[in-house]
Chemist: 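The structure that follows is given in the form of structure tokens.
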Amino acid sequence: MFNGFNISASSLTAQRLRMDVISANMANAETTRASIVDGEWQPYRRKMVVMQPNQQSFSSYLNKAMNQSDQPGNGVKVSRIVEDRTPFKLMYQPDHPDADEAGYVKLPNVDPLKEMVDLMSATRSYEANVTTLNATKNMLMKALEIGR
């Protein structure tokens, strides 16, 4: 009976984490000293959220395919947060304290436009799940009113 609530809640939690990671990316879009690698400061690397279905197993897919399971999906979960491995941007600024011998500064691989598109997508997904949650709640309320 509460399966719809659980599915929506798992997605709301995952999308909220996705929005938090996007916010961290935007906040660090200009950070040139985020971590030390091999004794040198490295710029901030863009992070991305990877999601997967809950209880993902071959037997569950096989049972669904054979119509032996009438159980709907189980929602999603965040499996990990990965770093984007695209190269850093280089900008010629010889006066910058983090410039190399040639005068180039490594800047984070965060593209604000891409982050805004991802943020809009996460926001729309969040809103869709709130709508689904409210529809499930309304259906259960109507089902309770049948007995009156």
Chemist: Between Ala99 and Pro94, what is the shortest heavy-atom contact and its length?
Modeler: CB-O, 4.2 Å

Chemist: Test: salt bridge (charged side-chain N to carboxylate O under 4.0 Å, His left out). Region: residues 121-131. Which pairs qualify, not counting sequence neighbours?
Modeler: Arg124-Glu127

Chemist: Is there a donor in the side chain of Asn109 and an acceptor in the side chain of Tyr44, or the other way round, less than 3.5 Å apart?
Modeler: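 Checked: Asn109/Tyr44 side chains show no N/O donor-acceptor pair below 3.5 Å.
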
Chemist: Could you please spell out the steps behind the side-chain contact (heavy atoms from CB on, under 4.5 Å) verdict for Lys77 and Gln52?
Modeler: CA-CA 6 Å; Lys77 66 179 178 180; Gln52 70 180 32; 3.0 Å; yes

Chemist: Got more than 12 heavy atoms from elsewhere within 6.0 Å of CD, Glu83?
Modeler: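 Counting other residues, nucleotides and ligands, CD of Glu83 exceeds 12 neighbours.
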
Chemist: For the residue pair Pro108 and Pro43, what are the closest heavy atoms and their distance?
Modeler: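 In this case the closest contact between Pro108 and Pro43 is N-CB, 3.8 Å.
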
Chemist: Hey, any chance Val21 and Val82 share a hydrophobic cluster, counting ILVMFWY side chains that come within less than 4.5 Å of each other, even indirectly?
Modeler: no

Chemist: Kindly give the heavy-atom pair with the smallest separation between Arg33 and Pro97, and that separation in Å.
Modeler: NH2-O, 4.2 Å

Chemist: Just wondering, more than 12 heavy atoms not from Glu40 lying within 6.0 Å of its CD?
Modeler: no

Chemist: Could you tell me if the side chain of Asp98 sits less than 4.5 Å from the side chain of Trp41, heavy atoms only?
Modeler: no

Chemist: Would you please test Leu107 and Leu90 for side-chain contact (heavy atoms from CB on, under 4.5 Å) and show each step?
Modeler: CA-CA 6 Å; Leu107 296 175; Leu90 293 175; over 6 Å; no

Chemist: For Met120, does the CE atom sit with more than 12 other heavy atoms under 6.0 Å from it, leaving out its own atoms?
Modeler: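 Incorrect, the count does not exceed 12.
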
Chemist: Considering all heavy atoms of both residues, which atom of Val105 and which atom of His96 are nearest to each other, and what is their separation?
Modeler: CG2-CB, 3.4 Å

Chemist: Would you say that more than 12 heavy atoms from the other residues, nucleotides or ligands in this model lie under 6.0 Å from the CZ of Phe88, or not?
Modeler: yes

Chemist: Provide the closest heavy-atom pair for Gly75 versus Ser10 in the form atom of the first, atom of the second, distance.
Modeler: CA-OG, 3.3 Å

Chemist: Should we say atom CE of Met91 is surrounded by more than 12 heavy atoms from elsewhere, each under 6.0 Å from it?
Modeler: no

Chemist: Going from OG on Ser121 to CD1 on Ile22, what distance comes out if it is rounded to the nearest 0.5 angstrom?
Modeler: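 Spacing of OG (Ser121) from CD1 (Ile22) equals 7.5 Å.
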
Chemist: List the steps, then state whether side-chain contact (heavy atoms from CB on, under 4.5 Å) holds for Lys142 with Glu145.
Modeler: CA-CA 5 Å; Lys142 292 294 182 185; Glu145 290 176 6; 3.7 Å; yes

Chemist: Decide if atom CZ of Arg16 counts as having more than 12 heavy atoms of other residues, nucleotides or ligands within a radius under 6.0 Å.
Modeler: no

Chemist: Does the side-chain contact (heavy atoms from CB on, under 4.5 Å) test come out yes or no for Leu133 and Asn129, once each step is laid out?
Modeler: CA-CA 6 Å; Leu133 186 75; Asn129 280 291; over 6 Å; no

Chemist: Using modelled atom types only, decide if a donor and an acceptor are shared between the side chain of Arg46 and the backbone of Asp84 within a distance under 3.5 Å.
Modeler: no

Chemist: Is atom NZ of Lys137 surrounded by more than 12 heavy atoms (other residues, nucleotides or ligands) closer than 6.0 Å?
Modeler: no

Chemist: Distance to the ring centre below 6.0 angstrom and angle to the axis at most 45 degrees; does that hold for Arg18 and Tyr126?
Modeler: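 Checked: cation-pi criterion not met.
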
Chemist: Closer than 3.5 angstrom, by distance alone: can the side chain of Ser79 be matched with the main-chain N or O of Val50 as a donor-acceptor pair?
Modeler: yes

Chemist: Quick one: pull up CG in Asp20 and CG in Asn25 and give me the separation to the nearest 0.5 Å.
Modeler: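 If I round to the nearest 0.5 Å, the distance is 11.0 Å.
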
Chemist: If you count every heavy atom of other residues, nucleotides or ligands that lies below 6.0 Å from Lys47 atom NZ, does the total exceed 12?
Modeler: yes

Chemist: Using a 4.5 Å cut-off on heavy atoms from C-beta on, say whether the side chain of Gln42 contacts that of Ile36.
Modeler: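 A side-chain contact is absent here, since even the closest heavy-atom pair is not under 4.5 Å.
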
Chemist: Verify, without hydrogens or angle tests, whether Lys106 (side chain) and Pro87 (backbone) share a donor-acceptor contact under 3.5 angstrom.
Modeler: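 Judged by distance alone, no pair lies under 3.5 Å.
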
Chemist: In the single-linkage hydrophobic clustering (I, L, V, M, F, W, Y; side-chain heavy atoms under 4.5 Å), do Leu17 and Ile7 co-cluster?
Modeler: no

Chemist: Calculate, to the nearest 0.5 Å, the distance between atoms CE and OG belonging to Met51 and Ser11 respectively.
Modeler: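 Spacing of CE (Met51) from OG (Ser11) equals 7.0 Å.
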
Chemist: For a quick test of reading the model, state the closest non-hydrogen atom pair linking Val49 to Ile81 and the distance between them.
Modeler: CG2-CG1, 4.4 Å

Chemist: Which residues satisfy the side-chain hydrogen bond (donor to acceptor under 3.5 Å, both in side chains) test with Thr132, sequence neighbours excluded?
Modeler: none

Chemist: If only atom types and distance count, is the side chain of Asp100 paired as donor or acceptor with the main-chain N or O of Gly103 below 3.5 Å?
Modeler: yes

Chemist: Please determine whether residues Met48 and Val76 belong to a single hydrophobic cluster, defined as Ile, Leu, Val, Met, Phe, Trp and Tyr linked transitively by side-chain heavy-atom distances below 4.5 Å.
Modeler: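 Looking at the clustering, Val76 is in a separate group from Met48.
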
